[in-house]
*Asks:* 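One structure follows; several queries about it will come next.
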There are 2 protein chains.
Amino acid sequence: MPISAYDAGVARAATTSDVFNAIAEPQRRQILVLLRAGERPVTEVAQELGMTQPGASKHLRVLREVGLVRDRRVGKQRMYGLDARGLRPVHEWIGGFERFWNGSFDRLDAYVQDLKQARQEE
Amino acid sequence: MPISAYDAGVARAATTSDVFNAIAEPQRRQILVLLRAGERPVTEVAQELGMTQPGASKHLRVLREVGLVRDRRVGKQRMYGLDARGLRPVHEWIGGFERFWNGSFDRLDAYVQDLKQARQEE
DNA sequence: GCATCATATGCCGATATCGGCATGCGTCAA
DNA sequence: TTGACGCATGCCGATATCGGCATATGATGC
């Protein structure tokens, strides 16, 4: 939240409209996975994932606002489709940790290695 | 939430203790990045990132509970270090969308391509 | 216009979350 | 043991979140 906004209490800072937050919701992740197979109208999304129509609609809205999903009208229906480009920054951010989950590049990892050895040596 | 648990109202489902949720918080992401450079005691984390000591401690707790961070005691201090292995599943999940942000593998992407062409043809 | 289908939105209750503050607990040194 | 330091925890206020329900909005066809 760039604008100063609180006099007291504060509460959570800048969660909204953030891709990381959008994919933090299990159901929203399910929607994204589902849409990999192709566009779908809201009702179909809801049915296939066992959620209510308003529920699906709300989650799709969040995904739309962060740009992970696009919609287009087809008659009365609204087809929702994946736009995964927004996931790329996330993938890259996490990729910055890639070397830390294999090798021994930081001190903690070394420490963990030590623990393992210590256990084996029991 | 595998266990049925609500009679009314329901509210948010299963956010807690989930890696996706842990990295949804900007400050926690900062902590992870900082710890890439090596272990640090709580106070140092707080100082370097401009947060209060209890604030840092709480975020570190969340990260610890999802296994992204490990701690070990060193005298009075508690050194926190990165354990990035928990990020791997996230990386892989997102990797499942990789082909969707380059090529034209799904219908929406094709639709987007069409839009671009249509614009160029104006 | 009117009825109908498809979707979005508003409201509510329950809960989760975050920051700030004060305080508790654990460890070390004297 | 006592004091000091480092960190964790508890409580609070403000707010965000999610699901369910009812309803508003939008588009279509008659």
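Everything numeric here is computed off the predicted structure, so don't read it as measured data. Order of the sequence lines fixes the chain letters, A, B, ..., with proteins taken first and strands second; residue numbering starts at 1 for each chain.
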*Asks:* Would you indicate which nucleotide in C/dT9, C/dG19, D/dA8 comes nearest to any side-chain atom of B/Lys58?
*Replies:*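 Comparing C/dT9, C/dG19, D/dA8 against the side chain of B/Lys58, the answer is C/dG19.
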*Asks:* Rounded to the Å, how far apart are A/Arg72 CZ and D/dG26 C1'?
*Replies:*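 It is 18 Å, rounded to the nearest whole Å.
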*Asks:* At under 4.0 Å between heavy atoms, what does B/Ser57 touch on the DNA or RNA strands: base, sugar-phosphate, or nothing?
*Replies:*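 Base contact.
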*Asks:* Are OP1 or OP2 of D/dG6 and a side-chain N or O of B/Tyr80 less than 4.0 angstrom apart?
*Replies:*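 No.
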*Asks:* Shortest non-hydrogen contact from A/Glu39 to A/Gly81?
*Replies:*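 The pair with the smallest heavy-atom distance is CG-CA, 3.9 Å.
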*Asks:* At less than 3.5 Å, do the side-chain atoms of A/Gln53 and the base atoms of C/dA8 form a donor-acceptor pair?
*Replies:*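 Side chain to base: pair found, below 3.5 Å.
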*Asks:* Distance check needed: C/dA8 P versus A/Lys76 NZ, whole Å only.
*Replies:*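 Going from A/Lys76 (NZ) to C/dA8 (P), I get 15 Å.
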*Asks:* What is the distance, rounded to the nearest whole Å, between atom CD of B/Glu25 and atom P of C/dA16?
*Replies:*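 After rounding, the reported distance stands at 17 Å.
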*Asks:* Starting at CD of A/Glu65 and ending at P of C/dA8, how long is that distance when rounded to a whole Å?
*Replies:*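 In whole Å, C/dA8 P and A/Glu65 CD are 12 Å from each other.
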*Asks:* I want to confirm an ordering. Mapping A/Thr52 and A/Arg73 to their closest nucleotides on DNA chain D, which one lands closer to the 5' end?
*Replies:*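 The 5'-side residue here is A/Thr52.
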*Asks:* Rounded to whole Å, how long is the line connecting atom CZ of A/Arg28 with atom P of D/dT17?
*Replies:*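 So the two atoms are 8 Å apart, to the nearest Å.
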*Asks:* Do you know the tightest heavy-atom contact between B/Ile23 and A/Phe20?
*Replies:*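 It is O-CD2, 3.5 Å.
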*Asks:* Strictly distance-based, threshold 3.5 Å: is any side-chain N or O of B/Arg40 a donor or acceptor partner for the main-chain N or O of B/Glu48?
*Replies:*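 A pair under 3.5 Å: no.
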*Asks:* Please confirm whether the backbone N or O of B/Gln27 pairs with a side-chain atom of B/Glu25, one donor and one acceptor, at under 3.5 Å?
*Replies:*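 Checked: pair present.
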*Asks:* Name the closest nucleotide to the A/Pro54 side chain, picking from C/dT9, C/dT7, C/dA22.
*Replies:*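 Ranking C/dT9, C/dT7, C/dA22 by closest atom to the A/Pro54 side chain puts C/dT9 first.
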*Asks:* Applying a 4.0 Å non-hydrogen cut-off, can you work out what A/Pro41 is touching in the nucleic acid: base, sugar-phosphate, or nothing?
*Replies:*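 Contact class for A/Pro41: sugar-phosphate only.
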*Asks:* So, is B/Arg61 near the phosphate of D/dT9, with a side-chain N or O under 4.0 Å from OP1 or OP2?
*Replies:*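 True: B/Arg61 side-chain N/O within range (under 4.0 Å) of D/dT9 OP1/OP2.
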*Asks:* Between atom NE2 in A/His59 and atom C1' in D/dT17, what is the gap in whole Å?
*Replies:*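 Rounding to the nearest Å, NE2 of A/His59 and C1' of D/dT17 are 10 Å apart.
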*Asks:* Tell me: CD of A/Glu44 to C1' of C/dT7, nearest whole Å?
*Replies:*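 Value for this atom pair: 14 Å.
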*Asks:* On a heavy-atom basis, which atom in B/Pro26 and which in B/Ala24 lie closest, and how many Å separate them?
*Replies:*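 That closest heavy-atom pairing would be CD-O, 3.5 Å.
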*Asks:* Counting only distance, no hydrogens or angles, is the base of D/dA27 paired donor-acceptor with the side chain of A/Gln77 under 3.5 Å?
*Replies:*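 No, the side chain and the base share no sub-3.5 Å donor-acceptor pair.
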*Asks:* With a non-hydrogen cut-off below 4.0 angstrom, is A/Gly55 in contact with a base, only sugar-phosphate, or nothing?
*Replies:*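 Nothing, no nucleic acid heavy atom in range.
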*Asks:* So if I take every side-chain heavy atom of B/Asn21 and compare against C/dT17, C/dT9, D/dA8, which nucleotide ends up nearest?
*Replies:*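 Of all the options, the side chain of B/Asn21 is nearest to C/dT17.
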*Asks:* Expressed in angstrom and rounded to an integer, what is the separation of A/Ile31 atom CD1 from D/dC18 atom C1'?
*Replies:*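 My rounded result for the distance is 13 Å.
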